[in-house]
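Below is one structure; the comments refer to it alone.
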2 protein chains.
Amino acid sequence: MVKPADRPSTPLGYALLGLVHRQPSSGYDLCRLFETTPMAHYSSSPGAIYPALRRLEKQELITGETEKADSLRPRRVYRSTSAGEAALREWASARVTRDEVVRDLDMLMLRFALMGALVDRAAARRFLEELAGELEDYLGELEGHLEKVAAAGDPHGRLALESGIEQHRVLARWARRALGELGEA
Amino acid sequence: MVKPADRPSTPLGYALLGLVHRQPSSGYDLCRLFETTPMAHYSSSPGAIYPALRRLEKQELITGETEKADSLRPRRVYRSTSAGEAALREWASARVTRDEVVRDLDMLMLRFALMGALVDRAAARRFLEELAGELEDYLGELEGHLEKVAAAGDPHGRLALESGIEQHRVLARWARRALGELGEA
DNA sequence: AAAAACATGTAAGCTGTTACATGATTGG
DNA sequence: CCAATCATGTAACAGCTTACATGTTTTT
């Protein structure tokens with residue numbers, strides 16, 4: 001007996017699972033979310049979303065219920081299962097790695113955005129602390145590279161790297177500030 | 001007679017073509033670049049790089065020359081062809097679209113980093129002006145969303161969106177500053 | 001009536017990921 | 001001589017992109 005994998009197989013899978021967990025949604029709802037909100041940053045299209053939902057359903061991480069089954073235009077609304085919630089919680093609680101900070105900041109932010117409904121404040125704060133730490137650590141490395149690029153006399157390369165450094169610096173500060181906000185309340 | 005496509009078919013193709021144009025390199029050189037420099041952000045692996053180089057060569061956008069052909073450990077060094085340079089120049093000169101600003105900022109930055117050796121200062125400044133303009137425009141939209149998210153009482157969503165807004169704001173300022181720097185000199 | 005939005009999907013083709021395979025050269 | 005680094009690749013697999021297909025309901 002072959003068991004289906006117990007967690008989403010792609011970033012899109014986690015995104016959809018997390019969104020559906022926050023609010024039960026149809027494929028079309030999710031398509032619109034990716035079209036009309038800042039989620040658009042996580043570019044996706046119907047051709048990816050509908051198959052991904054099917055996969056999640058087959059893995060029993062979400063369940064779909066057909067509204068107006070009699071109607072000629074049925075609407076299939078998905079919601080997360082307890083297995084889906086478990087997978088999400090594991091995802092949300094995973095440690096922040098250097099590798100993710102370098103190559104996958106976007107996914108880290110999505111994780112933070114969706115973890116509100118999933119983990120307690122302590123876990124969220126741990127996430128932010130790890131994130132800030134890794135960012136600050138990586139900043140040192142980036143500044144080392146900046147010297148080399150600057151010395152090489154490549155204005156575009158230097159400017160591009162400076163932009164990357166600023167981005168990381170701002171994000172680290174944001175994480176510290178968010179940590180403060182989550183501390184109060 | 002089937003002509004091969006006259007430009008790279010993927011972002012990785014453009015990245016490799018641009019890097020090779022700046023400095024003739026072997027597959028291994030490029031692998032190391034993606035491993036040990038801030039190019040690591042544009043995550044890639046040998047399994048993608050070597051086939052991509054082959055594709056570019058088949059399209060005659062780059063040519064490979066085998067160093068030490070007699071040796072038992074040959075090293076294949078690629079350099080851009082004139083067709084490759086033309087494709088790069090077209091890429092570098094393309095207008096900045098809203099869609100790229102929303103979904104593909106990373107590629108825009110890579111474009112800027114590599115366009116130094118490809119287009120004149122006027123073209124680079126036009127790029128930065130379009131980028132800054134689109135960013136500032138998009139910022140308005142993001143702030144509209146922020147009100148909604150804040151009103152919805154979702155602290156994580158609000159914080160994540162605030163981080164996105166800061167990122168875009170900082171990038172817009174960077175573009176304006178870079179514009180100034182490229183203006184002098 | 002026409003257009004736009006609702007709503008779900010399929011198929012071809014290509015690319016990236018991961019893991020593996022192979023062997024040479026250099027530094028300790 | 002052993003490990004690390006140099007150097008290039010292949011193969012299986014799964015997923016995404018793009019384009020298409022289909023029909024309904026609501027708005028103008």
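Because the structure is predicted, anything quoted here is derived from the model rather than measured. Throughout, a chain's letter reflects where its sequence line sits, starting with A, and its residues are numbered from 1.
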How close or far is atom [atom2] of [N] from atom [atom1] of [X], stated in whole angstroms?
X: B/E35; N: D/dC6; atom1: CD; atom2: C1'; result: 12 Å
X: B/L30; N: D/dT8; atom1: CG; atom2: C1'; result: 13 Å
X: A/R75; N: C/dA7; atom1: CZ; atom2: P; result: 5 Å
X: A/Y78; N: C/dA7; atom1: OH; atom2: C1'; result: 12 Å
X: A/I49; N: C/dG9; atom1: CD1; atom2: P; result: 13 Å
X: A/R76; N: C/dT8; atom1: CZ; atom2: C1'; result: 11 Å
X: A/E67; N: C/dC6; atom1: CD; atom2: P; result: 15 Å
X: A/R54; N: D/dG15; atom1: CZ; atom2: P; result: 15 Å

Mind telling me whether A/Y14 and A/W91 have parallel, tilted or perpendicular rings, with 30° and 60° as the class edges?
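A/W91 and A/Y14: parallel rings.
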Establish, with yes or no, whether the OP1 or OP2 oxygen of [N] is under 4.0 angstrom from a side-chain nitrogen or oxygen of [X].
X: A/R103; N: C/dT17; value: no
X: B/Y28; N: D/dC6; value: yes
X: B/S26; N: D/dT8; value: yes
X: B/S44; N: C/dG16; value: no

Can you figure out which of C/dT10, D/dG15, D/dT10 approaches the side chain of B/P51 most closely?
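Between C/dT10, D/dG15, D/dT10, the one nearest the side chain of B/P51 would be D/dT10.
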Starting the side chain at C-beta, find the nucleotide from C/dT17, C/dT15, D/dG9 nearest to B/T10.
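It is C/dT15.
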Report yes if some heavy atom in the side chain of B/H41 is under 4.5 Å from a heavy atom in the side chain of B/M109; otherwise report no.
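SC-SC contact between B/H41 and B/M109 ruled out.
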Atom CD of residue position B/E143 - does it have more than 12 heavy atoms of other residues, nucleotides or ligands inside 6.0 Å?
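More than 12 within 6.0 Å, yes.
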If each of B/A48 and B/R32 is mapped to the nucleotide of DNA chain D with the nearest heavy atom, which maps nearer the 5' terminus, i.e. the 5' end?
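That would be B/R32.
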Hey, which sits more toward the 5' end of DNA chain D by its nearest nucleotide, A/S45 or B/G47?
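It is B/G47 whose nearest nucleotide is closer to the 5' end.
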Hey, are B/T97 and B/E100 close enough side-chain-wise for a donor-acceptor pair under 3.5 Å?
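Looking only at side-chain atoms, B/T97 and B/E100 do form a donor-acceptor pair, the distance falling under 3.5 Å.
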Could you check B/R176, B/R98, B/R169, B/R173 and say which one makes a salt bridge (charged side-chain N to carboxylate O under 4.0 Å, His left out) with B/E136?
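Answer to the salt bridge (charged side-chain N to carboxylate O under 4.0 Å, His left out) test with B/E136 among B/R176, B/R98, B/R169, B/R173: B/R176.
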